[in-house]
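Remarks on the structure that follows.
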Amino acid sequence: MRWQGFPFSYRDAGILGINTRNRDYILPHNPRKYYQRVDDKIETKRLAIAAGVACPTLYSVIEFQNQVKLLDEILEGK
């Protein structure tokens with residue numbers, strides 16, 4: 001699928017959408033009782049680090065859509 005205005009499709013670029021992530025990775029590989037843990041990206045990262053799994057550095061958390069406009073400011077100097 002090609003998105004109008006983009007020269008590539010997200011899938012072709014290796015970008016995983018949230019629905020595909022949940023459908024293909026979260027639900028089939030985790031018992032329902034652990035779903036809240038694995039559905040929360042911050043909690044998953046905390047658990048992975050505690051288990052010794054290498055994780056990329058977390059610079060910030062965007063909690064609300066309107067915070068995206070501050071991304072340049074948030075990432076300044078990173």
Side-chain angles (χ1 to χ4, degrees):
M1 171 193 295
R2 294 219 173 254
W3 294 89
Q4 188 175 18
F6 290 94
F8 59 86
S9 75
Y10 285 115
R11 184 178 304 228
D12 290 345
I15 299 171
L16 184 66
I18 192 71
N19 292 332
T20 302
R21 171 187 167 267
N22 288 345
R23 182 191 68 230
D24 294 349
Y25 296 97
I26 300 299
L27 293 174
H29 301 287
N30 294 281
R32 184 71 182 147
K33 67 182 179 178
Y34 297 128
Y35 184 73
Q36 269 193 306
R37 279 182 164 180
V38 298
D39 192 42
D40 182 326
K41 292 177 184 177
I42 303 301
E43 177 66 6
T44 299
K45 184 178 188 77
R46 187 189 69 72
L47 290 167
I49 290 168
V53 175
C55 295
T57 301
L58 178 66
Y59 293 115
S60 185
V61 175
I62 301 293
E63 296 181 84
F64 305 102
Q65 181 64 34
N66 67 346
Q67 291 174 307
V68 172
K69 65 185 173 192
L70 302 172
L71 195 57
D72 287 340
E73 183 180 323
I74 292 168
L75 297 178
E76 187 175 340
K78 304 289 189 255

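Each residue takes its place number in the sequence, starting with 1. Bear in mind that the values here come from a model prediction, so they are computed numbers and not experimental data. Note that these values count all heavy atoms, side chains included, but never hydrogens, waters or copies made by symmetry.
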A quick test of your reading: do over 12 heavy atoms of other residues, nucleotides or ligands sit less than 6.0 Å from [atom1] of [X]?
X     : atom1 : answer
Lys33 : NZ    : no
Asp72 : CG    : no
Tyr35 : OH    : yes
Arg37 : CZ    : no
Lys45 : NZ    : yes

Under 3.5 Å: donor-acceptor pair, side chain of Glu73, backbone of Leu70: no
Closest heavy-atom pair and its distance - Pro28, Asn22: CD-O, 4.0 Å
Closest non-hydrogen atom pair between Arg21 and Asp39, with its separation: NH1-OD1, 3.6 Å
Chi angles and distances behind the side-chain contact (heavy atoms from CB on, under 4.5 Å) call for Tyr59, Leu75: CA-CA 7 Å; Tyr59 293 115; Leu75 297 178; 3.8 Å; yes
Spatial distance of atom [atom1] ([X]) from atom [atom2] ([Y]) [nearest 0.5 Å]:
X     : Y     : atom1 : atom2 : value
Ser60 : Lys78 : OG    : NZ    : 8.5 Å
Ile42 : Leu47 : CD1   : CG    : 11.5 Å
Asn30 : Thr44 : CG    : OG1   : 8.5 Å

Residues that Glu43 engages under side-chain hydrogen bond (donor to acceptor under 3.5 Å, both in side chains), provided they are two or more places apart: Arg46
